[in-house]
Amino acid sequence: MEIRTDEGSEPLLPIPVSTPSLNSTLDYGNSTPSSYSWLFQCHGFWYKLFLILPSLLFVLYLAFRARKSLSKLSNGRSYIIVAYYGTLWIVTLLNFAWCLFQAWECTSGKELAWNVLSLSTTSGMLFLEVSLLAFLFQGNHVGSVEALARTFIVSGIFVGLDLVLKAIYLFGFGVPLFILSDDSTHRTKWNLWVVHRLLITAAYGFILFMYHSSHREKLPARPAFYRYVVIMASLNALALFACGLAGSGAGFGYWLYGATVVCYHAFYLPLLYENFLADFFQEDDLHLENVYYSEMKDAGFFDTDWE
């Protein structure tokens, strides 16, 4: 069923709430044409449009700039950018597949495929988040092979533990983590998502606290980094609130959580690229240094030099 704001109107972004048993999904039968079922059933047309269109456009954008980007990477000496760009491509394709095969969530017999795809996609995106924060905190040492190894090892351990915990819930206890459901027997999954979102929100909140404290010089001196952290902190705080509402059985919580999922999968990867990789691929090295200096000056990091 769909969550409605009143008796005769539909919300802008319909988020259907199903009641599957254990890890099963809805089965609409074989009487509905597969193309119609894929497009209009299981979350509806607008949900799929808001997910697939931005993801498709970003894949096409990366493909369009691939030749120039690879040329820039081959002439540069940043191991982290090379590794991160390759990881971004892999996760982008996974995320596009996740958006494209949304119908699996509501198709009987596709539970395993949907869970594996969702687990892989969310773990890949979480790896990008964690590794980005980790190697940016290393300051001027982010370009070394040792820094790259430390970053990927720490991020891999964190994401690996997260992946194992989710896999235990999914395949061990049959908790449908990646199925939007109001089934009261699976309130445990909302408790897990609350803890997950709470940890991520706290991490971004701590960074914002540092930025406005005397320890600001330890952070990368780029306003783009600060804007990214503000956006991600706000999104995760909203998702945390939605999980709390959904866990208490509030219908609005399911809708709000679905909306945050759409925003994350549709816009996180373009946001990451725009804030941290676009300048590297679009600017010459000398010009890029001037851009960074201008941003640092605008952010007030050189104000003390004149006192």
Side-chain angles (χ1 to χ4, degrees), residues 50-51 53-55 57-58 61-62 65 69 72 78 80-81 83-85 87-88 91-92 95 122 124-143 147 151 155 196-242 256 259-285 287-304:
F50 286 134
L51 270 177
L53 186 58
S55 302
L57 291 177
F58 186 60
Y61 177 79
L62 287 181
R65 297 195 55 85
S69 298
K72 181 71 174 180
S78 176
I80 279 189
I81 296 296
Y84 211 75
Y85 180 74
T87 306
L88 175 67
V91 176
T92 298
N95 184 61
T122 54
M125 297 179 75
L126 182 62
F127 179 83
L128 288 176
E129 282 195 72
V130 175
S131 59
L132 176 64
L133 296 177
F135 72 67
L136 283 178
F137 270 117
Q138 298 181 58
N140 296 327
H141 304 289
V142 296
T151 297
S155 304
H196 179 84
R197 293 295 180 180
L198 182 61
L199 292 175
I200 297 178
T201 305
Y204 284 115
F206 180 73
I207 295 172
L208 292 177
F209 170 78
M210 288 185 61
Y211 188 86
H212 294 285
S213 69
S214 58
H215 301 286
R216 187 176 65 171
E217 67 276 1
K218 296 180 181 180
L219 297 174
R222 295 200 62 194
F225 175 73
Y226 176 73
R227 290 193 296 268
Y228 165 85
V229 172
V230 169
I231 293 173
M232 293 306 298
S234 302
L235 179 62
N236 279 281
L238 193 62
L240 174 62
F241 176 67
L256 183 60
T260 61
V261 169
V262 170
C263 291
Y264 182 71
H265 284 274
F267 302 113
Y268 173 69
L269 296 174
L271 174 69
L272 182 150
Y273 181 89
E274 178 63 27
N275 283 279
F276 297 101
L277 293 177
D279 286 340
F280 179 86
F281 292 121
Q282 295 176 3
E283 306 288 347
D284 294 331
D285 293 338
H287 190 191
L288 185 58
E289 291 181 4
N290 293 333
V291 170
Y292 288 169
Y293 177 82
S294 299
E295 289 187 347
M296 292 168 66
K297 184 177 180 180
D298 293 340
F301 281 87
F302 302 116
D303 292 345
T304 56

Checklist entry - Which distance, rounded to the nearest 0.5 Å, do you find between the CG of Leu128 and the CG of Leu272? => result 6.0 Å
Checklist entry - Does the side chain of Glu129 reach to within under 4.5 Å of the side chain of Tyr204, using non-hydrogen atoms? => result yes
Item to check | Met125 and Val130, any side-chain heavy atoms less than 4.5 Å apart | outcome: no
Next on the checklist: Does the plane of the ring in Tyr273 sit parallel, tilted or perpendicular to the ring in Tyr61? Use 30° and 60° as the thresholds.
Outcome noted: perpendicular
Checklist entry - Listed by chain and number, what are the side chain to side chain contact (heavy atoms under 4.5 Å, CB included) partners of Leu198, not counting sequence neighbours? => result Leu240
Checklist outcome for this item: Taken to the nearest 0.5 Å, the spacing of Ile231 CD1 from Arg227 CZ works out to 8.0 Å
Checklist entry - Do Phe50 and His265 come within less than 4.5 Å of each other through their side chains, counting heavy atoms only? => result no
Next on the checklist: Given 3.5 Å as the limit, does a donor-acceptor pair link the side chain of Thr260 with the main chain of Ala239, or not?
Outcome noted: no
Checklist entry - Does the pair Tyr85 and Lys72 meet the rule for a side chain to side chain contact (heavy atoms under 4.5 Å, CB included), with working shown? => result CA-CA 11 Å; Tyr85 180 74; Lys72 181 71 174 180; over 6 Å; no
Checklist entry - If you measure from CG on Leu238 to CZ on Arg197, what distance do you get to the nearest 0.5 Å? => result 10.0 Å
Checklist entry - Shortest non-hydrogen contact from Thr201 to Ala237? => result OG1-N, 3.6 Å
Item to check | For the student: nearest non-hydrogen atoms of Leu51 and Pro54, plus distance | outcome: O-CD, 3.6 Å
Checklist entry - Atom CG of Leu208 and atom OG of Ser213: how far apart are they, to the nearest 0.5 Å? => result 11.0 Å
Checklist entry - Any sub-3.5 Å donor-acceptor pair from Asn275's side-chain atoms to Leu271's backbone N or O? => result yes
Checklist entry - When rounded to the nearest 0.5 angstrom, what is the spacing between OH in Tyr228 and CD1 in Ile207? => result 8.5 Å
Item to check | Residues which pass side chain to side chain contact (heavy atoms under 4.5 Å, CB included) with Phe241, listed by chain and number, not counting sequence neighbours | outcome: Leu245, Leu256
Next on the checklist: Could you report the tightest heavy-atom contact between Leu132 and Tyr84, atom names first, then the distance?
Outcome noted: CB-OH, 3.2 Å
Checklist entry - Any side-chain heavy atom of Tyr211 sitting closer than 4.5 Å to one from Val229? => result no
Item to check | Any residue meeting side chain to side chain contact (heavy atoms under 4.5 Å, CB included) with Thr92, in chain and number order, not counting sequence neighbours | outcome: Phe58, Val59, Leu62, Leu88, Leu269
Next on the checklist: Show the nearest heavy-atom pair for residues Ser131 and Ser155, with the distance to one decimal.
Outcome noted: CA-OG, 3.0 Å
